[in-house]
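First comes the structure, then the notes that go with it.
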Amino acid sequence: MSRRGESVLEPPSGSANIPAMSDTDTSVTRSMVKQLLAAPGPCPEVRVQGWVRTRRDTGAFSFLEINDGSCLANLQVIADAVLPNYVMEVAHLRTGASVEVVGELVASQGGGQAWEVQAREVMVHGHAEEDFPLQKKGHSMEFLRSIAHLRPRSNLFGAVFRVRSRMAYAIHRFFQERGFVYVHTPIVTASDCEGAGEMFRVTTLDGESLAAGKDAEDFFGKPAYLTVSGQLEGETFACALSNIYTFGPTFRAENSNTSRHAAEFWMIEPEMAFCDLAGDMDLAEAMIKALVDDALEHCAEDLGFFAKFVDKGLLERLQFVRERPFARVSYTEAVEILQASGEAFEYPVEYGHNLQSEHERYLTERHFQCPVTVFNYPREIKPFYMRQNDDGKTVAAMDLLVPGIGEIVGGSQREERLDRLRANLATHGLSEADYWWYVDLRRYGTVPHAGFGLGFERLLMFVTGVGNIRDVIPFPRVPGWAEF
RNA sequence: UCCUCUGUAGCUCAGCGGUAGAGCGGGUGGCUGUUAACCACUAGGUCGUAGGUUCGAAUCCUACCGGAGGAGCCA
């Protein structure tokens, strides 16, 4: 009989302090399903805690499939009819119930799984009422969205959110290993003209005072908003710590109703001092490759599930991205390629206009058939902070396009020359007084610097093949929907 | 915000002018090892809402509400 800490199974770090919850048997610590399924050999006593995915009865006993979120696969438990609570409890377990099982880990007699647990005790923590909405099959993504509090218990969403967690970790690892400093830029900002989109106002004023424009009486003494980008604040830290990155929530009040937009999303924004556009593009491409590589290595089971049920070509595409070089073309070249393509685009391709979704997709999916970085855009279609090139026509901007998603990274070298920045502010109709601290960076030891923004959810869509941003964020916020 | 499609049982959908259907899920019973188990029986719906056309509307028309896809904007 094994005792606490003597299991042949290595307990997960930290689990030794989790108290056993059984009334009658406290001699063995909890194992996660993932550990048990990878067990090197049988084990006389294990403890599992999780949720019932399905129950099948065969006369003398029941099969219970238990999932605890540690991995995609379930653990099969054999619950014999001689168990004291079999008739009253075990035989009535439905999908969704929470249980704790103590028993013996043995080689499975059936096919389909290497190991199973012969239960000595099945403790029911909570039955699932008979209207538990998750079934063993056949749910639409739309329905699952309406039960966002339960959907993490489905195979697909368990996999999505394990990958989300891993990718967040991989992003921090990527930057930390390269000496980047993680900066927490503010979520509430008083600069009302960051220029990246419509903003949510944050206020303590009542409706009347708000309508009367009594901004001076507001909490911050002037209008405040939720951030649409940490870039400007990020630049101040890059101009001190050299290489920094942010990773936090971002808010846009745009009335966007698409599968690629959310009102609240997470963004990663690195910023590098003493760096030009080429270095910026190098970093963006290295990051995408590193993240894809990490997912392939550490999320293989979950990616396999996506490849089977969500996106048949997923693994092929990810391996391609990991192994092949990315294409890189100037905006001018991209326009020429599109004009020479002979494609009948809905919107005409014309120098000086933004590339439309259909143009971006043609470049990455048809022409190059790999991720493409497009750089040096006409200055007229880009924001004030981007650095003007010597040709007088373009700015040092870049967009990284990937198949299936389109733009996943947008970045630029920043205008570090004081006179040019002032001129840009004027051209864009922005007041220098509102950006006094941003302009100051150019007065006190200015340096060439560059950075980009990566939409975390768009990265997840790319890595998982999931087609809607609402399905890669735990509780999506979109126009008209803030449930949960 | 615009365009298109869509809203029938808990879920996925069929029915498209003549008294509401299936599969799954739920309940009951059966089955010595199942794998979205299987077999039998059974409960369950004022057909998104409000008007209109008609002898008669889930079905046709209008408006509104919800959902999806595409576009714009972007990450």
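Chain letters run A, B, ... following the sequence lines, proteins first and then strands; every chain starts at 1.
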Handout entry: Pair A:Tyr331 + A:Tyr351: ring centers closer than 6.0 Å
Key =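 Ring-ring flag for A:Tyr331/A:Tyr351: true, centres closer than 6.0 Å.
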Tell me whether the side-chain N or O atoms of [X] pair up with the base of [N] as donor and acceptor below 3.5 Å, since no angle test is needed here.
X	N	value
A:His261	B:C74	yes
A:Ser256	B:C73	yes
A:Arg260	B:A75	no
A:Glu130	B:G25	no

Counting only side-chain nitrogens and oxygens, does [X] get under 4.0 Å of the OP1 or OP2 atom of [N]?
X	N	answer
A:Gln356	B:G72	yes
A:Arg53	B:U35	no
A:Ser259	B:G70	yes

Who is the Watson-Crick or G-U wobble partner of [N], with both distances under 3.5 Å?
N	answer
B:G29	B:C39
B:C24	B:G10
B:C5	B:G67

Completion exercise
Under a 4.0 Å heavy-atom criterion, the protein footprint on nucleotides 29-34 of chain B, written with B, S and -, is --BSBB
Which pairs would a plain distance check flag for residues 402-409 of chain A, meaning a side-chain donor or acceptor within less than 3.5 Å of a matching protein atom at least two apart in sequence or in another chain?
none

Remember a base hit wins even if backbone is also touched, and classify [X] as base, sugar-phosphate or nothing at under 4.0 Å, heavy atoms.
X	value
A:Phe265	base
A:Thr250	nothing
A:Asn255	base
A:Leu459	nothing
A:Asn257	base

Practice task
Fit a plane to each ring of A:Phe61 and A:Phe63, take the angle between them on a 0 to 90° scale, and name the class: parallel (under 30°), tilted (30 to 60°) or perpendicular (over 60°).
Solution key: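 It falls in the perpendicular class, over 60°.
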Problem - Approximate separation, where rounding is to 0.5 Å, of A:Tyr245 OH and A:His172 NE2 - result: 4.5 Å
Problem - Neighbour count >12 (heavy atoms, 6.0 Å) for atom NZ, A:Lys382 - result: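 For A:Lys382, atom NZ is crowded (more than 12 foreign heavy atoms under 6.0 Å).
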Exercise for the section: Say whether A:Tyr377 and A:Ser412, considering side chains only, have a donor N or O and an acceptor N or O under 3.5 Å apart. Expected result: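 Not at all, the side chains of A:Tyr377 and A:Ser412 share no donor-acceptor pair under 3.5 Å.
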